[in-house]
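Atoms considered below: every heavy atom in the structure, side chains included; atoms not considered: hydrogens, waters and symmetry mates. All figures in this text were calculated on a predicted structure; none of them were measured in a lab.
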Amino acid sequence: QVHLVESGGGLVQTGGSLRLSCATSGRTISDFTVGWFRQAPGREREFVASIVWSGYSTYYGDSVLGRFTISRDNAKNTVNLQMDNQKAEEAAVYYCTGSESRIATKPRDDWGQGTQVTVSS
């Protein structure tokens with residue numbers, strides 16, 4: 001199990017950019033496959049992106065492909081989600097997730113508390 005803490009949420013204009021970070025405490029983040037999910041009011045939780053524990057592969061939801069980039073900073077022990085050209089409908093609570101499974105591509109075992117992203121038009 002891993003304790004995950006998100007940061008970087010806030011207000012962004014439509015078409016703008018925002019960068020989220022996910023940090024762990026007491027564990028090495030490269031031991032985990034780490035992902036991001038989001039949930040807007042009244043909508044189902046949606047997979048956004050993930051990076052596998054080896055760092056060799058990344059996965060993206062169809063709606064963010066080409067606009068969002070997930071990366072890992074081993075020196076800072078964080079996983080980052082760069083969100084560009086944001087759309088109004090992407091306002092949601094964004095959750096960092098993790099899994100120690102070596103085969104998981106959309107990790108759901110551990111969840112952070114979430115960070116709010118608000119997109120203004």
(request) Would you indicate whether Gln39, at its atom CD, is surrounded by more than 12 heavy atoms from other residues, nucleotides or ligands within a distance under 6.0 Å? (result) yes
(request) State which residues pass salt bridge (Lys or Arg N to Asp or Glu O under 4.0 Å) with Arg27; sequence neighbours excluded, sorted by chain then number. (result) Glu100
(message) Restricting to non-hydrogen atoms, name the atom on Val119 and the atom on Glu90 that form the minimum distance, rounded to 0.1 Å.
(response) CG2-C, 4.2 Å
(message) Take a 6.0 Å sphere around CZ of Arg43 and say whether it holds more than 12 heavy atoms from other residues, nucleotides or ligands.
(response) no
(request) Indicate the atoms forming the closest heavy-atom contact of Ser25 with His3, along with that distance. (result) OG-CD2, 3.5 Å
(message) So which atom in Cys96 and which in Val34 form the shortest heavy-atom distance, rounded to 0.1 Å?
(response) SG-CG1, 3.6 Å
(message) Can you tell me how far apart OG1 (Thr78) and CD (Glu6) are? Round to the nearest 0.5 Å.
(response) 13.0 Å
(message) For residues Tyr95 and Leu18: do they belong to one hydrophobic cluster (side chain heavy atoms under 4.5 Å, members Ile, Leu, Val, Met, Phe, Trp, Tyr)?
(response) no
(message) Can a side-chain donor-acceptor contact be found between Gln82 and Asp84 if the only test is distance below 3.5 angstrom?
(response) yes
(request) Check Thr97 against Pro107 and note the closest heavy-atom contact, atom names and distance. (result) OG1-O, 2.7 Å
(message) Please tell me whether Ser30 and Asn74 have a donor and an acceptor in their side chains that are separated by less than 3.5 angstrom.
(response) no
(message) Within this structure, what is the CE-CD1 distance for the pair Met83 and Ile70, rounded to the nearest 0.5 Å?
(response) 11.5 Å
(message) With a 4.5 Å cut-off on side-chain heavy-atom distances among I, L, V, M, F, W and Y, is there a chain of contacts connecting Val12 to Val64?
(response) yes
(request) Determine whether Trp36 and Leu65 fall in the same hydrophobic cluster, where Ile, Leu, Val, Met, Phe, Trp and Tyr are linked whenever their side-chain heavy atoms lie under 4.5 Å apart. (result) yes
(message) For the backbone of Ala104 and the side chain of Ser99, can you confirm whether one donor and one acceptor N or O come within less than 3.5 Å of each other?
(response) no
(message) If I compare all heavy atoms of Leu4 with all of Asp110, which pair ends up nearest, and what's the gap?
(response) CD1-O, 3.7 Å
(request) Drop me the distance from Gln86's CD to Thr14's OG1, to the nearest 0.5 angstrom. (result) 9.0 Å
(message) Under 3.5 Å, is there a donor on one side chain and an acceptor on the other for Ser63 and Arg38?
(response) yes
(request) Begin with the C-alpha distance, continue with both residues' side-chain angles, and end with the deciding distance and a verdict on side chain to side chain contact (heavy atoms under 4.5 Å, CB included) for Ile51 and Val79. (result) CA-CA 8 Å; Ile51 182 167; Val79 168; 4.0 Å; yes
(request) Check whether any side-chain heavy atom of Leu20 sits under 4.5 Å from a side-chain heavy atom of Val117, and report yes or no. (result) yes
(message) Give me the atom names and distance for the closest heavy-atom approach of Ala49 to Leu81.
(response) CB-CD1, 4.1 Å
(message) Would you compute the distance between atom SG of Cys22 and atom CG of Asn80 and round it to the nearest 0.5 angstrom?
(response) 9.0 Å
(message) Distance alone, cut at 3.5 Å: any donor-acceptor contact between the side chains of Ser101 and Asp109?
(response) no
(request) Could you name each residue pair satisfying ring pair (Phe, Tyr, Trp, His ring centres under 6.0 Å) that touches residues 41-94, not counting sequence neighbours? (result) Phe37-Phe47
(message) Whether the side chain of Thr33 engages the backbone of Val52 through a donor-acceptor N/O pair (distance < 3.5 Å, no angle test) should be reported.
(response) no
